[in-house]
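Shown next, in structure tokens, is the structure this report addresses.
Fair warning: this is a prediction, and the values are worked out from it, not measured in the lab. Lettering of chains follows the sequences in order, A, B, ..., and the numbering in each one begins at 1.
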Amino acid sequence: MKRSEETTTLYLLDGYSIIYRSYFAFMGRHLSAPDGTNVSALFGFFRTLFSILDEYRPGALAVVLDSRVPTFRHEMYPEYKANREKAPEELHAQVPMIEEILGVMGMTVLRKDGVEADDIIATMAERCRKKDRPCVIVTGDKDLLQLLGGEIRMLRPEKGGYQLIGRDDVFDQWGVEADQIVDYLSLTGDQADNVPGVKGIGPKTASKLLTKFGDLDGVYANLNACSTGERAKLEASREDAFLSRSLIILKKDVSLPPEAPTPVGDLNREAAVPLLLRYGAKALAEQAKGAKISEKQLSRQREKRAEASSVPDELLGEGRYEQIDDLEGLDRWIEKAISAGACALDIETDSLDAMLANPVGFSLAVSPKQAAYLPLIAEGQRKFDDDAVRERLVRLTSSPSVRIIGHNFKYDYKVLRRWGVVTKNLAFDTMVAAWLLDTTANSYGMDPLAASLLGYKTISFKDVVPKDGLFQDISVETATRYAAEDADITFRFYELFRRQLKERGLEKLFFELEMPLVPILAEMECAGITLLSDRLEAYGRELEKDLGTIEDDIWQACGHSFNINSTKQLQQVLFEERKLTPIKKTKTGYSTDISVLEELAREDVVPLLVLRHRSLAKLKSTYVDALPKLVNPETGRIHTQLIQTGTATGRLSSKDPNLQNIPIRDEDGRRIRSAFVPAEGNLFISADYSQIELVVLAHLSEDPELSQAFRSGGDVHRRTASLIFDVSEADVSSEQRRIAKTINFGVMYGMSAFRLSRELGISRSRADSFISAYFRRYFRIQSFMRKVVQETEQSGVSKTLLGRERSIPAINSRNKTEKAGAERIAVNTPIQGTAADIVKLAMLAVSRRMASEELKSKMVLQIHDELLFEVPFDEADRMEGLLKEEMESAVKLSVPLRVSIERGGSWGDLH
DNA sequence: GGCCGCACGTAC
DNA sequence: GACGTACGTGCGGCCG
């Protein structure tokens with residue numbers, strides 16, 4: 001729904017203010033058009049205009065210009081704006097150029113002969129005020145400050161950006177109220193308009209006098225209450241002061257046509273491009289074409305969001321922290337936690353790796369600002385009996401009457417579990433909540449979140465622990481300040497996020513899906529997976545030998561040695577020495593990626609050798625050499641971290657190592673999977689959702705043909721081929737199936753015909769016709785995609801089946817490429833994200849069944865649409881049945897969800 | 001020597 | 001410009 005013009009913010013851009021500012025700001029840069037004309041004002045003006053359009057996204061904007069003929073102010077005071085008139089001709093010459101460009105863009109320009117821009121602005125602002133319509137005046141001129149109040153604000157250009165100020169900021173900055181600005185400038189004068197003021201009275205004195213006497217009349221009525229010096233100055237310039245006032249005071253009743261400025265959405269920015277290029281402003285022309293979503297803009301949007309859900313006072317300010325130094329103290333805090341019903345818990349350790357870390361202390365918070373730290377070890381000394389503390393922590397983390405709150409508690413869970421404490425009552429992870437509320441943030445660490453959401457600067461770990469030092473070596477006081485603060489902030493996040501989750505309708509997703517998943521992921525990470533390092537190391541030696549041979553061959557062919565892993569050196573060899581034709585560019589040079597090398601391999605041997613070298617080097621460095629280093633010395637297994645807050649769509653990610661991208665497709669890579677084996681007496685069972693994303697697409701789009709393809713079972717790619725090529729399924733060739741498969745996947749990613757043609761090695765027009773045949777047969781898919789894009793345009797978010805949201809601000813970008821990219825994201829997110837929702841539901845269901853049936857089998861990995869289990873031989877049959885049942889019924893869709901199950905003696909045996 | 005962006009490549 | 005989501009590696013430029 002389009003917002004009514006009357007309610008969108010009206011931006012009034014004070015043209016000459018910006019033009020003058022720009023001229024002088026860019027004067028030193030000698031900006032000139034190809035014919036030598038100075039364009040510094042033009043350049044600066046449009047840079048300002050576009051950056052306001054892009055950063056602030058006004059609903060409507062008008063440029064206001066001054067009269068071309070003298071106004072009543074000039075009659076009153078011939079020197080009025082004399083300083084401006086004296087500006088060089090080359091500045092004035094740019095005004096018509098600017099106006100011409102504004103004209104072709106369709107920008108509303110307000111100008112009236114005999115009337116100052118300021119008076120037009122005052123009149124327009126007054127109209128807004130009467131209608132309660134928000135209005136932002138863009139100017140560097142101080143006299144317009146008199147208009148501020150309520151919905152009328154000002155955007156002042158300043159070095160490096162803009163400052164948006166309202167009525168209250170006027171006082172903070174100038175020491176007088178907005179409605180005293182006229183009197184204030186009458187005293188100080190206004191350099192911009194050459195208004196004299198009272199000689200010798202500056203900002204300080206002016207604000208002092210006005211605070212005392214209210215206004216100019218008040219000041220002159222109380223001259224005898226002023227100091228002798230002030231009185232003398234005021235008396236000497238009495239006339240100037242009152243003249244100044246009548247010059248500064250703005251008319252709010254200029255007669256102007258009633259029509260509203262053109263909405264910004266209707267502006268034709270592209271039309272400015274040829275003119276800007278004519279003036280040699282290439283970068284500006286780029287900016288005119290459309291907005292890049294800048295970091296600045298993103299952070300502005302985030303600020304806005306933070307502003308909107310204002311932080312309650314009780315979550316602001318300093319906390320009061322206690323140090324717990326005996327068991328009685330601990331007991332008191334545990335009682336506090338129980339009677340509060342909630343407790344933020346944070347463990348301090350000696351390592352960032354939870355699988356190696358030992359607890360050195362922990363902190364508790366039972367309400368905002370009320371927290372304590374218990375040092376197990378401090379200043380290098382053990383302060384408590386571990387067993388006594390452990391016993392009490394078990395009580396705290398098992399009590400059904402306490403809700404445990406943590407920030408990234410999966411880490412704490414693992415440390416505690418390894419220490420003999422299993423958390424049963426985890427209720428709220430504030431890191432997971434922060435992610436669910438904004439899946440696109442850069443970081444969910446406590447320090448940045450505290451800064452951005454609470455405006456709170458935390459003590460950083462670096463500040464308290466010396467480099468390469470350990471937490472247990474610092475003083476108890478410092479440890480308490482640092483650690484208790486973490487628990488305190490966590491509790492504050494809890495208060496903040498639980499409200500926000502509720503407001504946003506994300507409670508169910510959070511409490512019933514993401515939170516129960518935390519201990520499951522923690523258990524999977526603790527379980528780990530066995531790697532046969534020997535097998536891998538032997539493979540590594542083979543690879544080394546092969547790589548050496550290929551390297552020699554490449555060097556021989558090139559006549560010299562070089563680093564094959566350096567794309568820069570490789571570019572030189574391929575494109576300069578061997579004169580091969582570059583196929584595509586990267587930001588920094590010519591690409592040497594697989595597709596390029598494959599193409600080049602048709603005319604030269606070196607690219608082929610490089611391809612082989614690349615693939616083996618990748619295997620060796622990323623997997624063969626890296627994996628054995630990550631075997632945990634205590635468990636002898638590999639414990640990946642499954643990151644819950646790592647993706648914008650809701651998927652998990654995996655790191656240290658990433659076990660979600662272990663090779664499977666070619667034979668070389670599969671040898672790496674073969675090094676992953678189940679524990680003695682166990683086998684692996686994998687359960688894999690068939691075509692889950694296409695099934696989700698069928699469900700979400702309600703496309704009858706695609707749904708039918710799944711209901712009838714069989715091969716969906718074959719079925720698709722039969723539909724688009726109009727042959728019976730039995731007659732589908734493998735080539736046709738390959739094409740159908742590529743389109744099936746491509747559609748979900750928003751693949752273009754261009755890409756499809758390249759991928760399949762067919763012409764653009766054939767690719768086009770395949771795609772249209774596809775959408776003809778699966779006709780609801782296209783309307784589904786249109787609907788998703790449209791809804792995302794309205795709401796700014798794309799959603800999954802369970803209501804998970806991803807914000808996509810670029811969906812309303814005017815930059816075509818960016819807009820298209822945002823549309824692909826908007827369409828892909830419900831598909832990928834819903835599949836992620838389903839797999840997570842399945843993990844919960846399976847895990848509950850395994851617990852209730854008291855099985856010893858362990859879930860060890862999730863690879864997006866697949867779950868991997870380590871299963872004792874005698875549980876294999878039961879597990880297979882259980883998995884099929886629970887996974888296929890994890891969610892009820894309009895199409896059947898199928899799971900295929902395999903078992904094997906190594907990971908390499910599966911699929 | 002540490003940090004970071006880039007190009008590339010692996011998975012789903 | 002042209003296919004979505006991740007993570008890890010080596011290179012090479014930058015900084016101190």
ask   = Under 3.5 Å, is there a donor-acceptor pair between the side chain of Q782(A) and the main chain of F775(A)?
value = no

Value rounded to 0.5 Å, distance of OG in S690(A) from CG in D865(A) = 8.5 Å

ask   = Closer than 4.0 Å, any side-chain N/O of R665(A) to the OP1 or OP2 of dC12(B)?
value = yes

inquiry  = Does a side-chain N or O of T586(A) approach OP1 or OP2 of dA7(B) to a distance below 4.0 Å, or not?
reply    = yes

ask   = Could you state the CD1-P distance from I564(A) to dC8(B), rounded to the nearest angstrom?
value = 16 Å

request  = Give the rounded distance in Å between these two atoms: CG of N744(A) and C1' of dC12(B).
outcome  = 16 Å

task = Quote, to the nearest angstrom, the C1' distance that separates dA2(C) from dG5(B).
result = 24 Å

inquiry  = What's the gap between dC3(C) and dG9(B) when it is taken at their C1' atoms, as a whole Å value?
reply    = 15 Å

task = Identify whether any heavy atom of A836(A) sits under 4.0 Å from a base atom; if not, whether one sits that close to sugar-phosphate; answer base, sugar-phosphate or nothing.
result = nothing

request  = Return the value, rounded to whole Å, for the distance between atom CD of Q691(A) and atom C1' of dC12(B).
outcome  = 11 Å

inquiry  = When you compare the side chains of T440(A) and D438(A), does any donor N or O come within less than 3.5 Å of an acceptor on the partner?
reply    = yes

Whether W435(A) side chain and Y444(A) backbone form a donor-acceptor pair below 3.5 Å = no

task = Would you kindly give the CD-to-C1' distance between Q862(A) and dC12(B), to the nearest whole Å?
result = 10 Å

remark   = K629(A) NZ to dT9(C) P, in whole Å, measures 8 Å

query = How long is the span from the CG atom in L867(A) to the CG atom in L883(A), to the nearest 0.5 Å?
reply = 7.5 Å

query = What is the nucleic acid contact for K618(A), judged by heavy atoms within less than 4.0 Å: base, sugar-phosphate only, or nothing?
reply = base

request  = Using the six-membered ring wherever Trp is involved, compare the ring planes of Y590(A) and F575(A) and label them parallel, tilted or perpendicular (cut-offs 30° and 60°).
outcome  = perpendicular

Parallel, tilted or perpendicular, as decided by the 30° and 60° cut-offs, for the rings of Y778(A) and Y774(A) = perpendicular

query = Between R612(A) (CZ) and dC8(B) (P), how many Å, whole number?
reply = 20 Å

ask   = Across the strands shown, which category fits L619(A) at heavy-atom distances under 4.0 angstrom: base, sugar-phosphate, nothing?
value = nothing

ask   = Is a side-chain donor-acceptor pair under 3.5 Å present for S595(A) with D593(A)?
value = yes

request  = Please map the stems of DNA chain C, keeping only stretches of three or more Watson-Crick or G-U wobble pairs with both distances under 3.5 angstrom.
outcome  = B:1-12 with C:4-15

query = How does protein reach along nucleotides 11-16 of chain C, written 5' to 3' as B (base within reach of a heavy atom under 4.0 Å), S (only sugar-phosphate), or - (no contact)?
reply = SSS---

ask   = Donor-acceptor pair, D837(A) side chain versus L802(A) backbone, under 3.5 Å?
value = yes

key: L630(A) CG - dC7(C) C1' separation (whole Å)   = 13 Å

query = Could you state the interatomic distance from CD1 (I724(A)) to CZ (R777(A)), rounded to the nearest 0.5 Å?
reply = 10.0 Å

inquiry  = Distance check needed: dT9(C) P versus R614(A) CZ, whole Å only.
reply    = 17 Å

Base versus backbone protein contacts along nucleotides 1-6 of chain C [heavy-atom cut-off under 4.0 Å; B, S, -] = -BBBBS

message = What I want to check is whether the side chains of Q644(A) and E514(A) have a donor and an acceptor closer together than 3.5 Å.
response = yes

inquiry  = I want to know whether F745(A) and H717(A) have ring centres closer than 6.0 Å.
reply    = yes

ask   = Which is true for I831(A) with a 4.0 Å heavy-atom rule: it touches a base, it touches only sugar-phosphate, or it touches nothing?
value = nothing

